[in-house]
**Student:** 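Below you will find the structure I want to go over with you.
The first residue of the sequence shown is numbered 1, and numbering continues consecutively from there.
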Amino acid sequence: MRRRTVRAAVLAAVAAAVLGCAQQPDRTLHPSPPAVAYRPLTHPFQGATLAVDPDSEAARWQRAHEAGWLAPIAEQPQARWVNSPQDIDTLPALLRAARDQHALPVLVAYWVPNRGCSKHKQGAPTPAAYEAWIRSMIAQLGSTRAVVILEPDAVPADCFDAARGRVLAQAVRQLSTAGHSVYLDAGHARWKSTGETAERLLASGIADAEGFAVNVSNRQTTTASIAWGRELSDLVGHRPFVVDVSRNGIGPPPDGPGGTAEWCNPAHQALGAPPTTRTGTRGVDALLWIKRPGESDGKCGGEVSYFFSPRQARELIVNSPDVPPDARHSAQLASAPPATTSPMG
């Protein structure tokens, strides 16, 4: 009897040990990720009207040439790109227009050091110069609250490293502390994996940002962008995101010889859905025109500059299923020069 009691006690102890192991899995190979404290969300797009920039190159060309057919582009809200210290000086007029419209301005900050990951060293000359540039942007914004899409391509770029992450994280903190809503650019659905992108966003200050941006200047479909964005959001504290739909109306260009897609001013592109803050999709704060439609990707695809091209703008309108048929027909009948060589055209 005593042996049975001892044996039962031993079995009970073993069972308790096994149960304890089951409740506390071995984490030596897969430690728990560090806790991340996320800044509270401010929901800047909720109930907001997006500001229309009266000084966009498309709007100026429309006025100069009495080109009513450009309305599907020129009269839509678009982001203002701030690419240099000189661009900051142009902000007061945009901010006055936004206040007159009782609307929310959307800016793109695009001057990170070594912006193009090349020997040309585009962007700010040093991290200190970049930090000062962000401070000057904040000063120019004053009491006007803005959405800032922070540094397209900086996070997914091949030259991303810890130093760049620290520079971006500092910019996020500066802008967010000043009351602006920051969306860190995350790339697009066919670039980096969501796992790698999440690690880079965490290193770049996503915890202090409102969220992230997807598909900036790209042409991936809205459906693919939202699916990728939701997967990424799950990895970064369920942060919301915005999608650039400016030129994705018919999706990305098809793969060419060797499996490479024509991405620089391709013939296969079209305006996407009109910008909206009412997406009807959980986690998607807005569908925006971040890349300005009609502005060239570079000296390629029949274009000779980086400026606004009425020829390309016309094709974006004509090709778009999101533009009403009469507006497409009006653009198709319009005459436009083959290329643009100056900011005004």
**Student:** Can a donor-acceptor pair be found, under 3.5 Å and without considering hydrogens, that links the side chain of S330 to the backbone of D326?
**Tutor:**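 No, because the side chain of S330 does not come within donor-acceptor range (under 3.5 Å) of the backbone of D326.
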
**Student:** Start with the C-alpha gap between N248 and T222, add the side-chain angles, then the distance that decides, and say whether side-chain hydrogen bond (donor to acceptor under 3.5 Å, both in side chains) holds.
**Tutor:** CA-CA 7 Å; N248 73 346; T222 303; 3.0 Å; yes

**Student:** Are the side chain of T281 and the backbone of V284 linked by a donor-acceptor contact shorter than 3.5 Å?
**Tutor:**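 Between the backbone of V284 and the side chain of T281 there is no qualifying donor-acceptor contact (under 3.5 Å).
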
**Student:** Between S217 and D244, which heavy-atom pair has the shortest distance, and what is it?
**Tutor:**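 Heavy atoms of S217 and D244 come nearest at N-OD2, 2.9 Å.
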
**Student:** Please name the pair of heavy atoms, one in P152 and one in A109, separated by the smallest distance, quoted to 0.1 Å.
**Tutor:**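 Shortest heavy-atom separation between P152 and A109 comes out as CD-O, 3.8 Å.
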
**Student:** Would you say L333 ends up clustered with V323 if hydrophobic residues are merged whenever their side chains have heavy atoms under 4.5 Å apart, either directly or through other cluster members?
**Tutor:** no

**Student:** Of all the heavy-atom pairs spanning G251 and H268, show the shortest one and how long it is.
**Tutor:**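 Smallest interatomic distance, heavy atoms only, reads O-CD2, 3.6 Å.
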
**Student:** For W133 and S84, indicate whether the former's side chain and the latter's backbone hold a donor-acceptor pair under 3.5 Å.
**Tutor:** yes

**Student:** My understanding is that a hydrophobic cluster links ILVMFWY residues whose side chain heavy atoms are under 4.5 Å apart, including indirect links. Using that, what else belongs to the cluster containing V106?
**Tutor:** F45, L50, W81, L104, V108, Y110, V147, I149, Y183, V216, V242, L288, I290

**Student:** I'd like to know if V318 and L271 are part of one continuous hydrophobic network [Ile/Leu/Val/Met/Phe/Trp/Tyr, side-chain heavy atoms within less than 4.5 Å].
**Tutor:**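 Cluster IDs for L271 and V318 differ.
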
**Student:** First locate atom CH2 of W228, then atom OG1 of T194, and finally report the distance between them rounded to the nearest 0.5 Å.
**Tutor:** 7.5 Å

**Student:** Between E303 and S309 (side chain of the first, backbone of the second, donor and acceptor by atom type, cut-off under 3.5 Å), is there such a pair?
**Tutor:**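 Not confirmed, E303 side chain does not pair with S309 backbone.
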
**Student:** If I compare all heavy atoms of L184 with all of S204, which pair ends up nearest, and what's the gap?
**Tutor:**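 Shortest heavy-atom contact: CD1-O, 3.4 Å.
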
**Student:** Kindly indicate, with the supporting measurements, whether the criterion side-chain contact (heavy atoms from CB on, under 4.5 Å) is fulfilled by F212 and V236.
**Tutor:** CA-CA 10 Å; F212 57 92; V236 290; 4.0 Å; yes

**Student:** Are the side chain of Q220 and the backbone of H188 linked by a donor-acceptor contact shorter than 3.5 Å?
**Tutor:** no

**Student:** Quick check: does any side chain N or O of T276 sit under 3.5 Å from a backbone N or O of T279, one acting as donor and the other as acceptor?
**Tutor:**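 Side chain of T276 to backbone of T279, a donor-acceptor pair under 3.5 Å: no, none is there.
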
**Student:** Kindly determine whether L201 and V155 satisfy side-chain contact (heavy atoms from CB on, under 4.5 Å), including the steps that lead there.
**Tutor:** CA-CA 7 Å; L201 286 175; V155 167; 4.1 Å; yes

**Student:** What distance separates R239 CZ from L202 CG, expressed to the nearest 0.5 Å?
**Tutor:**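 The CZ atom of R239 sits 11.0 Å away from the CG atom of L202.
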
**Student:** Over all heavy atoms of both residues, which pair between A59 and D53 is shortest? Give the atoms and the distance, please.
**Tutor:** CB-O, 4.2 Å

**Student:** Inspect the contact between E315 and R311 and indicate whether a charged nitrogen and a carboxylate oxygen are less than 4.0 angstrom apart.
**Tutor:** no

**Student:** Taking only residues two or more places apart in sequence, or in another chain, which ones meet W289 in a ring-ring contact (aromatic ring centres under 6.0 Å, His included)?
**Tutor:** none

**Student:** Roughly how far, to the nearest 0.5 Å, is OG of S181 from CG of L41?
**Tutor:**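 That separation rounds to 9.5 Å.
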
**Student:** State, yes or no, whether a side-chain contact exists between R292 and S246 at a heavy-atom distance under 4.5 Å.
**Tutor:** no

**Student:** Determine which pairs satisfy salt bridge (Lys or Arg N to Asp or Glu O under 4.0 Å) with at least one residue from residues 213-233, sequence neighbours left out, and list them in order.
**Tutor:**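 Qualifying pairs: R219-D297.
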
**Student:** Suppose the criterion is disulfide bond (SG atoms under 2.5 Å apart): which pairs have a residue in residues 193-245, not counting sequence neighbours?
**Tutor:** none

**Student:** Could you tell me whether a side-chain N or O of H65 sits under 3.5 Å from a main-chain N or O of A67, the two making a donor and an acceptor?
**Tutor:** no

**Student:** Count I, L, V, M, F, W, Y as connected when their side-chain heavy atoms are under 4.5 Å apart, and connections chain through other members. Are L235 and Y38 then in the same cluster?
**Tutor:**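 In one cluster with L235: Y38, no.
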
**Student:** Calculate, to the nearest 0.5 Å, the distance between atoms CG and NE2 belonging to L107 and H180 respectively.
**Tutor:**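 Spacing of CG (L107) from NE2 (H180) equals 8.5 Å.
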
**Student:** Considering only NZ, NE, NH1 and NH2 on the basic side and carboxylate oxygens on the acidic side, decide whether D208 and R39 come within less than 4.0 Å.
**Tutor:**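 Yes, D208 and R39 are salt-bridged.
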
**Student:** Is there a side-chain contact between S136 and I88, using heavy atoms and a 4.5 Å cut-off?
**Tutor:**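 Side-chain contact under 4.5 Å: yes.
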
**Student:** A side-chain contact here means heavy atoms from C-beta on lying under 4.5 Å apart; do T49 and Q101 qualify?
**Tutor:**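 No - every pair of side-chain heavy atoms lies 4.5 Å or more apart.
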
**Student:** Do Q78 and S56 have side-chain N/O donor and acceptor atoms under 3.5 Å apart?
**Tutor:** no

**Student:** Any salt bridge (Lys or Arg N to Asp or Glu O under 4.0 Å) involving residues 85-113? Give me the pairs, sequence neighbours left out, ordered by first then second residue.
**Tutor:** none

**Student:** Determine the minimum heavy-atom distance between F308 and A58, stating which atoms define it.
**Tutor:** CE1-CB, 3.7 Å

**Student:** When rounded to the nearest 0.5 angstrom, what is the spacing between SG in C264 and NZ in K299?
**Tutor:**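 NZ of K299 is found 11.5 Å from SG of C264.
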
**Student:** Are T277 and D285 linked by a side-chain donor-acceptor pair shorter than 3.5 Å?
**Tutor:**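 Checked: T277/D285 side chains show no N/O donor-acceptor pair below 3.5 Å.
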
**Student:** As a quick check of understanding, evaluate salt bridge (Lys or Arg N to Asp or Glu O under 4.0 Å) for R200 and E196, giving each step before the final call.
**Tutor:** CA-CA 6 Å; R200 294 185 178 197; E196 183 177 2; 2.9 Å; yes

**Student:** Side-chain contact, heavy-atom cut-off 4.5 Å: P156 with T197?
**Tutor:** no

**Student:** Hey, does L94 have a side-chain heavy atom less than 4.5 Å from the side chain of R80?
**Tutor:** yes

**Student:** Is any side-chain heavy atom of P44 less than 4.5 Å from a side-chain heavy atom of R145?
**Tutor:**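 No, side chains not in contact.
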
**Student:** Does atom NE2 (H329) have a neighbourhood of more than 12 heavy atoms from anything else shown, all under 6.0 Å?
**Tutor:** no

**Student:** May I have the step-by-step check of side-chain contact (heavy atoms from CB on, under 4.5 Å) for Q174 and M137, ending in yes or no?
**Tutor:** CA-CA 10 Å; Q174 286 177 272; M137 184 186 301; over 6 Å; no

**Student:** So that I can tick it off, tell me whether E295 and K291 are bridged by a salt bridge, with the cut-off set at under 4.0 angstrom between side-chain N and carboxylate O.
**Tutor:**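 Salt bridge absent between K291 and E295.
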
**Student:** Under a single-linkage definition using a 4.5 Å side-chain heavy-atom cutoff for Ile, Leu, Val, Met, Phe, Trp and Tyr, are V52 and L70 assigned to the same hydrophobic cluster?
**Tutor:** no

**Student:** Does the side-chain contact (heavy atoms from CB on, under 4.5 Å) test come out yes or no for Q332 and R314, once each step is laid out?
**Tutor:** CA-CA 7 Å; Q332 196 163 26; R314 181 175 59 181; over 6 Å; no

**Student:** Could you go through Q312 and S296, starting from their C-alpha distance and side-chain angles, then the distance that decides it, and tell me whether this counts as side-chain hydrogen bond (donor to acceptor under 3.5 Å, both in side chains)?
**Tutor:** CA-CA 8 Å; Q312 187 172 159; S296 171; 4.7 Å; no

**Student:** Using the rule that Ile, Leu, Val, Met, Phe, Trp and Tyr join whenever any side-chain heavy atoms are under 4.5 Å apart, tell me whether V214 and W191 fall into a single cluster.
**Tutor:** no

**Student:** Check whether any side-chain heavy atom of L232 sits under 4.5 Å from a side-chain heavy atom of F241, and report yes or no.
**Tutor:** no

**Student:** If we only count heavy atoms from C-beta on, is the L316 to Q269 side-chain gap below 4.5 Å?
**Tutor:** yes

**Student:** If we ignore hydrogens and angles and just use 3.5 Å, is the side chain of R60 paired with the main-chain N or O of D55 as donor and acceptor?
**Tutor:**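 A pair under 3.5 Å: yes.
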
**Student:** Return all side-chain donor-acceptor pairs below 3.5 angstrom for residues 159-171, not counting sequence neighbours, or 'none' if the list is empty.
**Tutor:**
from : atom 1 : to   : atom 2 : distance (Å)
D161 : OD1    : A163 : N      : 3.3
D161 : OD1    : R164 : N      : 2.9
R164 : NH1    : A154 : O      : 3.1
R164 : NH2    : P113 : O      : 3.2
R164 : NH2    : N114 : O      : 2.7
Q170 : OE1    : R173 : NH2    : 3.1

**Student:** Once rounded to the nearest 0.5 Å, what's the spacing between atom CG of L150 and atom CG of L175?
**Tutor:** 6.5 Å

**Student:** Please walk me through it: do R328 and D322 pass salt bridge (Lys or Arg N to Asp or Glu O under 4.0 Å)?
**Tutor:** CA-CA 10 Å; R328 292 204 306 270; D322 293 292; over 6 Å; no

